[in-house]
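In what follows, a single structure is set out as structure tokens and then discussed.
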Amino acid sequence: MAWTNEELSGRFREIAELLQLSGADRFRVRAYERAADAITAARVDLAAVPRGELAELSGIGTSTAKKIAEYLDDGEIAMLVELREKVPAGLRELTRVPGLGPKTALQIHTALGIDSVAALGEAVAERRIRELPGLGAKTEDNIRDGIRRIGAKDTDRRPAADAIAVAEELCALLRRLPEAHEVAYAGSLRRMRETVGDIDILVASAHPQPVAEAFRRSPLVREVLASGDTKTTVMTVRDLQADLRVVAPEAWGAALVYFTGSKAHNIRIRERAVRRALTLNEYGLFRRPDDEADDAVSERVASRTEADVYAALDLAEVPPPMREDTGEVEAAAARALPAVVTLEQLRGDLHGHSDWSGDGKATLDEMVEAAVARRYAYWAVTDHAEDLTMNGVTRAGMVKRRAVIARLQEETSLRILDGAELNIAIDGGLDYDRDFLLTFDWCVASVHTLMTRPEREQTARIMAAMEHPAVHAIGHPTGRKIGKRPGYDLDFDAICEAARETGTALEVNASPRRLDLSGEMVRRAVEAGVSLTISCDAHTVGDLGSMRYGVATAQRGWARAEDVLNTRDLDGLLAFTAAKRERWS
DNA sequence: GCCGTTTTCGGCCCGACTGTTTTCAGTCG
């Protein structure tokens, strides 16, 4: 279903880009960009919306609605077809050069007839760019650098997992400074996007210099790229750029909102500010001075905390992972924002390994101790089952492990759930036999093999596994590894339907290398009424600390505590497993 | 092209930085 929306959004974004390169009015350009954003954020399939109601969506007017209808009927938009013919492909290519925007690209194309990056490079070498009005030698140098940077590694986004360790280490270093009042990382990492372009670290301090100094001297810093009064940019030893911004303590909240983004979310709330005769920037929310009085000092309405800023805009405070302009501002205004699940609400972790499986790095004793330290009510040890040739535990091994669990259970009030991570064979079959499977407290079933089979087969194998009475959750349901491999092909709507029907949970795997389900899929699962688990899939003691990434991912999907199985107490959890057994035995 | 707690025209998010300029335009995040 989402295909139609995605295609439509892409068409309107292309119209905006081409209009810009035709020198169109910038507000008209922006209107098409906003239409594209509105379509991306739409929670319904536009193909299913009655034509007369399309213009009711915010950001879509009569003209855009007509073009949407045109696309749905004809498969193309005449205006876009014309624009594609009119705007040379080479002109579009020029804007790929960092620092070279549509205005300058158009000027260079018109004046010099340049229609490729290669030709641009020649013009630079021949010093023809600096002859153009408004452009000089420096601009020419910057274009040369920009051409060199195309395709360079440092413009790529990286898995959030790569950035987290660096960001947290830098924050820890800054927190030790007496000058630092508050320290946090912001940006897409705080929103828990799956990939990040750089690391944004924010410090509240009245004394920026020593903070910047400590930052520059960190052993994680390979090179200082720029350092001014309030902003320092460095390249870290992990090839990730990191920005430090120091703000006055009274501006902390406004700065945190600003630097957390997303950009689309910020625009949305600033527009709201404008409608209230306010203006919002990284220093605070201000009342706009009455016109004429140019030198009047504008009054600061809010800025100290994020909660202050949202409250002054008459909005419920939006959790950072939800700040993507996918309806959260409207919901916050209507006080209809769901109370999303929090880390504190989790009572246990339902997917973890010990060294009973070959890939577990800690003993069962150590893992249990770590789970106790997290004050969980329960923890499931789900060592790999026997079909995973290299790492699996045999039936005899599992029986022996039960003796160890029994011994450990005597020493702790944490309930240790005797579990397994089963392997879903290509025909949907599982490890061991049915009677033995029913003796476990908790089973996660996952796909570990044959990941490139077609969608129909992958969907069918997982649906078959969900019908087994011993299978309580599907582990890392799509099998993706961020930045490494995409998930296997699945009919996710069918998976959700089957999960709800069979009383099987879908896992939000909290490992930052996986985040599987993704935030977007969590949202679809929640809308379909599916129960979720948030689990670390820990293979080390330290992995148990990944839970917050899983929680943030669930928040991106607007999941509430009641959508998440491991917010339940032990009795509530056991009621879920018992219900499945009764229904399917 | 869109939109309205200043409503059907006249606005449209905000600031830093850069380079080119004597007051601003373009680009970026």
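For clarity, every value in this text was computed on a predicted model and none was experimentally measured. Keep in mind that the numbers below use all heavy atoms, side chains included, and drop hydrogens, waters and symmetry copies. Each chain gets a letter, A, B and so on, in the order its sequence line appears, and its residues count up from 1.
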Tell me what [X] touches on the nucleic acid: a base, only sugar-phosphate, or nothing, going by heavy atoms under 4.0 Å.
X        : value
A:Gly261 : nothing
A:Arg275 : sugar-phosphate
A:Ile15  : nothing
A:Lys263 : base
A:Ala137 : sugar-phosphate
A:Asn142 : sugar-phosphate
A:Ile269 : nothing

**Report entry** Toward the 5' end of DNA chain B, by each residue's nearest nucleotide, A:Tyr283 or A:Glu271
**Finding:** A:Glu271
Report summary line: By nearest-heavy-atom nucleotide on DNA chain B, the more 5' of A:Gly101 and A:Arg34 is A:Arg34
Selection from [options] that lies nearest to any side-chain heavy atom of [X]:
X        : options                : answer
A:Ala277 : B:dT27, B:dT6, B:dC13  : B:dT6
A:Glu282 : B:dG1, B:dG26, B:dA16  : B:dA16
A:Phe27  : B:dC12, B:dC2, B:dG15  : B:dC12
A:Thr104 : B:dG26, B:dC3, B:dC14  : B:dG26
A:Tyr258 : B:dG15, B:dG29, B:dT20 : B:dG29

Report task. For A:Asp543 and A:Ser546, test the side chains for any donor-to-acceptor distance below 3.5 angstrom and give the result as yes or no. Result -> no
Query raised in the report: Would A:Arg238 and A:Glu169 pass as an ion pair if we require N to O under 4.0 Å?
Result: no
Report task. Go ahead and name the base partner of B:dT8; Watson-Crick or wobble counts if both distances stay under 3.5 Å, otherwise write none. Result -> none
**Report entry** More than 12 heavy atoms of other groups within 6.0 Å of A:Arg84 CZ
**Finding:** yes
Requested in this report: State whether the number of non-hydrogen atoms from other residues, nucleotides or ligands found under 6.0 Å of A:Arg216 atom CZ is greater than 12.
Outcome: yes
